[in-house]
Structures are given as C-alpha cells and as structure tokens.
Amino acid sequence: MVNRTAPEPRTLAPGAVFDWLDETAEQRAAAGLTRTLRSRPADDPVLDLAGNDYLGLTRHPAVTGAAAEAALRWGAGATGSRLVTGTTALHTELEQELADFCGAEAALVFSSGYTANLAALTALTDPDTLIVSDAYNHASLIDGCRLARADVHRAPHSDPEAVAGILGGRERPRALVVTDSVFSVDGNAAPLAELASAARRFGAALLVDDAHGLGVLGPGGSGAPAAAGLAGSPDLVTTVTLSKSLGSQGGAVLGPRRVIRHLTETARTFIFDTGLAPAAAGAALGALRLLRAEPHRAERAREVARTLAARLTAAGLHASTPDAAVVSVRAPGPEAALGWAADCRRAGLAVGCFRPPSVPDGVSRLRLTARGDLTDAQIAQAVRTIAATAPEGSRATG
C-alpha cells in the first residue's frame, strides 16, 4: 500500500492569489503593450478612421430606423437560443437575403463573427481532418483551429503552392483550407481562386472568412468569393460579420444547405448561445438592402483606400497597397505606434494602432479604415494629420 502524504497547504492572503497579474502587467508595460479602454461620447467630433464601418452605414437613417423598428416590434433581446425562442421571422429573412446577395444556397446568423468562425471550424472538422490555415489568419480562426481537435498545419502567408504541398502529403481522409479573404492588418487580399484550385486538386474544402470583403469587394459589394468567381461553389463555406460594412452586430456562415443544416444541429456556439438581438438583425437587414439599392458604395470604399495609400506614400510614409478598404502605415515600434495614434487623436483623428501580438509579423502599425462616406476634405485632413504627427523613423529612406 502506497503511503500518500497530503501536501502542505500554502497560506496566502486572499488578494495574493492574483499577484502574478501585476507582474505580467508590468512586463506588458515595459514592452509598450499596455491596452486600455476609452469611452467615446455619442457626439464625438473626432474623424473616425479606426472603426470598421467601411461604408459609413452605422448611423445611416435607413439602418438606425430599421434597428429601432425591430426593437419596438420584437423586443430588446432574442429571449433565448436560436433553437428555442431566439429565431424570429426577422432572423430568417436576414439569412435568406444574405445568402441570395452573396450567391450561397443558405446562411446561418450568429451573435458575432467570432462565434461564426468557431462554429464552422469545430463543426466541420474532427480528428480525421487536416486543417491548413494561413499564417496571418485572424485570431477567431486560430482559436477555431485550436478547438477543432483536428491536425492543424500553419501555411506560409498567401502561398497556394505551399498549401498544395501540405495537402499532397496528408494522411487524414478529409481536409479543410482556411483563410481570411482580406487580412485585417495590411488589407491585402488572399489569392482565393488559386487556393480553391489547390484545395480541389486534393479533395479539400475551402473556408473563407470574408469579414473585410463583404460590402467592399465583388459585384456591388457581394464579397471576395464572388469577386474570385467562387460564389455558390459546393466546396466553399464563407463566414462574414454584420458589424463592418453592414454597420450592425453579429456574424453568419454561408454555404451549401447541407453545411448549414449540419451547423444548426451540431455547432456549439449556435446551439448554446442566445440569438442575435432583433435590433442588430434589423439593422443588418436594413444595411444590406441599402447596399443592394446603392452598389456604388463598395467601389467608393475602395477608391478612398487607394487615395489614402497614394497620398500617404507620397508623404514619405510606409503605407500598404490596399486590395479592399484597409490601409496600414508602418511605425518604428510599439511605443512609437501608440504615441503616434495618441497624437493623431489629439489632432482630431482616430486611427487604429496594431502592435504585437495582434500583428503576425511583429511590425507595429497604424491601421486606417477607408470609409466609403469620407469626403475629399476629410481624406486630405487625415493625410495631413498622420504626416504631421509621424514619429522619427517612420518615413521611407533612400
């Protein structure tokens, strides 16, 4: 018989159990990675190039009016999960119109784009699946891969041949290629047609997170898969957010009907999560209808992005070449990026600040949203402010 001696108890003051958090906070501060919340007023006068309101629809009367009407008709909340009481006629209407707009057979709405990605990755894979994930994919895709219980391989960024090489050596019977359509840091687009070709060559499905493509790319803003000629493909699953171009909140998965049926019956972030609030569903539907009626909004967002990038480059800054509506400007380091963003705000301009670990290549940046509703005067103001506040070491040399 083994004689097991109980371990000696560790006596700590109740508050001491979280002392380690102070140490890690000090380490983040020393690395220039402190993050803080900033409340903004409803009438904030600052020009906003930091959010993801690509088409400028968040405050559009057609969108806010649809949200208010939905709340008055259906109530403030969905009251339960989608499979219990959380599916209203409004949710069904949104799913049908979203699928039709993007050229998919069916759609399923979630409470966020994050939960939509987790659902797609965990419900469509298992230990018999190989996942090939782009190295620069969004955190929600990375987390989905971690939860999937599949064999995950990280592929070099936007490299279809590397993806093909990984697929060609697989031993598992099923495979899924996973990529963002537009990468949120620099705004560059994935080579979707080439990735689809590589996937099909080896019998793999393709999952595309079109969070930053919907409303900006494709005919009338119908998305990156449509722009690549892949809309409605039987081996394609697309995830989108309703919180960017559509100016609302929530997410959705689009694809073949049998995929959507499978997610409805098995995806944990769908089954056990409260349904999207009716106001958010109504706002997204209002924005979608507005975009269909005014398809020029998508091209305007791309035009603003190109103009911002060209003028910032002409000012001597390291601006990315945008494929959609995201423009980034490289900073010398995380502290310089943080200070640059703060100086811009003090001058009346809100810009995003991306630092490690949010950037996969470790390079800190300012991130600009090229909103389609920006005027030429506002574009000029943004460029002047960014250039005037640029820290030492941020300009191109030679």
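In what follows, residues are counted from 1 in the order of the sequence shown.
Summarising the geometry, atom CZ belonging to R146 is positioned 12.5 Å from atom CG belonging to L121; distances are rounded to the nearest 0.5 Å. Summarising the geometry, atom CZ belonging to R371 is positioned 8.5 Å from atom OG1 belonging to T58; distances are rounded to the nearest 0.5 Å. Within the model, atoms OG of S184 and CG of N137 stand 9.5 Å from one another, a figure rounded to the nearest 0.5 Å. One finds the NE2 atom of H296 at 10.0 Å from the CG atom of L55 (value rounded to the nearest 0.5 Å). The CD atom of E335 sits 9.0 Å away from atom OG1 of T34, with the distance rounded to the nearest 0.5 Å. Between L254 atom CG and I260 atom CD1 the span is 6.5 Å, to the nearest 0.5 Å.
With hydrophobic clusters built from ILVMFWY side chains whose heavy atoms lie under 4.5 angstrom apart, V326 shares a cluster with V216. In the hydrophobic cluster analysis, where Ile, Leu, Val, Met, Phe, Trp and Tyr join through side-chain heavy atoms closer than 4.5 angstrom, V240 is grouped apart from L206. In this structure, Y114 is not a member of the same hydrophobic cluster as L246, with clusters built from ILVMFWY side-chain heavy atoms closer than 4.5 Å. Linking ILVMFWY side-chain heavy atoms closer than 4.5 Å, directly or via other members, places L108 and L176 in a single hydrophobic cluster. V185 is not connected to L368 by any chain of hydrophobic side-chain contacts under 4.5 Å among Ile, Leu, Val, Met, Phe, Trp and Tyr, and they are in different clusters.
A distance-only check finds no donor-acceptor pair linking the side chain of D235 to the backbone of A205 [under 3.5 Å]. Between the T88 side chain and the L90 main chain, a donor and an acceptor come within less than 3.5 Å of each other. Side chain of R28 to backbone of A31: no donor-acceptor contact under 3.5 angstrom is found. A donor-acceptor pair under 3.5 Å is absent between the side-chain atoms of D180 and the main chain of V182, judged by distance alone. T269 places a side-chain N or O within donor-acceptor distance of the main-chain N or O of T115, the cut-off being under 3.5 Å. E23 contributes no side-chain N or O that, together with a main-chain N or O of W20, makes up a donor-acceptor pair within less than 3.5 Å. Put simply, the side chain of D210 never gets that close to the backbone of T239: no donor and acceptor are under 3.5 Å apart. Under a 3.5 Å cut-off, the side chain of E95 and the backbone N or O of V109 do form a donor-acceptor pair. A donor-acceptor pair under 3.5 Å is absent between the side-chain atoms of Q249 and the main chain of A280, judged by distance alone. With S245 contributing its side chain and L214 its backbone, the two residues share a donor-acceptor pair below 3.5 Å.
Counting non-hydrogen atoms of neighbouring residues, nucleotides and ligands closer than 6.0 angstrom, the CZ atom of R201 exceeds 12 such neighbours. A 6.0 Å sphere centred on CZ of R292 holds more than 12 heavy atoms belonging to other residues, nucleotides or ligands. For R154, the CZ atom sits in a loose shell: 12 or fewer heavy atoms of surrounding residues, nucleotides or ligands are nearer than 6.0 Å. Summarising the local packing, CD of E69 is surrounded by 12 or fewer heavy atoms from other residues, nucleotides or ligands at distances under 6.0 Å.
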Subject >> Verdict with reasoning, R300 to D376, per salt bridge (Lys or Arg N to Asp or Glu O under 4.0 Å) >> reply: CA-CA 11 Å; R300 174 58 181 170; D376 292 340; 3.6 Å; yes
Original post:
What's the verdict on side chain to side chain donor-acceptor pair (under 3.5 Å) for R367 and N52, showing C-alpha distance, side-chain angles and the deciding distance?
Top reply: CA-CA 10 Å; R367 179 185 180 276; N52 291 317; 3.1 Å; yes
Original post:
Could you walk me through whether I166 and L130 pass the side-chain contact (heavy atoms from CB on, under 4.5 Å) check?
Top reply: CA-CA 9 Å; I166 296 170; L130 168 69; 4.2 Å; yes
**OP:** Given salt bridge (Lys or Arg N to Asp or Glu O under 4.0 Å), test D126 with R149 step by step and report yes or no.
**Re:** CA-CA 6 Å; D126 60 19; R149 298 170 294 116; over 6 Å; no
Original post:
Given K244 and D53, is the side-chain contact (heavy atoms from CB on, under 4.5 Å) satisfied, shown in steps?
Top reply: CA-CA 5 Å; K244 296 178 174 60; D53 187 16; over 6 Å; no
**OP:** Take T389 and D343 through the side chain to side chain donor-acceptor pair (under 3.5 Å) test and state the conclusion after the steps.
**Re:** CA-CA 6 Å; T389 56; D343 288 342; 5.8 Å; no
**OP:** Show your reasoning for whether side-chain contact (heavy atoms from CB on, under 4.5 Å) applies to S81 and I271.
**Re:** CA-CA 6 Å; S81 67; I271 296 171; over 6 Å; no
**OP:** Determine, stepwise, if the pair T87 / R82 fulfils side chain to side chain donor-acceptor pair (under 3.5 Å).
**Re:** CA-CA 5 Å; T87 296; R82 289 289 309 275; 2.6 Å; yes
**OP:** Using the side-chain contact (heavy atoms from CB on, under 4.5 Å) rule, take H60 and L290 through it: C-alpha gap first, then chi angles, then the decisive distance, then the call.
**Re:** CA-CA 10 Å; H60 193 286; L290 183 63; 3.6 Å; yes
**OP:** Walk me through it: do T85 and T79 pass the test side chain to side chain donor-acceptor pair (under 3.5 Å)?
**Re:** CA-CA 6 Å; T85 58; T79 76; 2.8 Å; yes
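The two atoms that bring L83 and T264 nearest to each other are CD1-O, 3.6 Å, heavy atoms only. The two residues A148 and I131 come nearest to each other via the heavy atoms CB-CD1, 3.9 Å. Considering all non-hydrogen atoms of both residues, A71 and A279 come closest at CB-CB, 4.2 Å. Across every non-hydrogen atom of L230 and A193, the tightest pair is CD1-N, 4.4 Å. Across S233 and P256, no two heavy atoms sit closer than the pair O-CG, 4.4 Å. Of all the heavy atoms in R395 and A315, the pair that sits closest is NH1-O, 2.6 Å.
Counting heavy atoms from C-beta on, the side chains of L366 and L49 never come closer than 4.5 Å. Two residues are said to be in side-chain contact when any heavy atoms from C-beta on lie closer than 4.5 Å; C102 and S222 fail this criterion. You'll find the side chain of I379 reaches within 4.5 Å of the side chain of L308, heavy atoms only. Between T307 and R311, the closest side-chain pair of non-hydrogen atoms falls below 4.5 Å. Within the 4.5 Å cutoff, no side-chain heavy atoms of L57 are placed close to those of D373. Side-chain atoms of V253 and T238, non-hydrogen and from C-beta on, never get closer than 4.5 Å to each other. At a threshold of 4.5 Å between non-hydrogen side-chain atoms, the residues L276 and L242 count as touching. Looking at H262 and L124, their side chains come closer than 4.5 Å, going by heavy atoms from C-beta outward.
If you check the side chains of N117 and D209, you find a donor sitting under 3.5 Å from an acceptor.
Under 4.0 Å is where a charged nitrogen must lie from a carboxylate oxygen, and between D186 and R365 at least one such pair does. Between R289 and E294 there is no salt bridge, since no side-chain nitrogen of the basic residue lies less than 4.0 Å from a carboxylate oxygen of the acidic one. A salt bridge does not link R302 with D323: every distance from a Lys NZ or Arg NE/NH1/NH2 to an Asp or Glu carboxylate oxygen is 4.0 Å or more. We find that D128 and R172 are not joined by a salt bridge, their nearest charged nitrogen and carboxylate oxygen being 4.0 Å or further apart.
Relative ring orientation between H157 and Y136 is described as parallel, the plane-to-plane angle staying below 30° on a 0-90° scale split at 30° and 60°.
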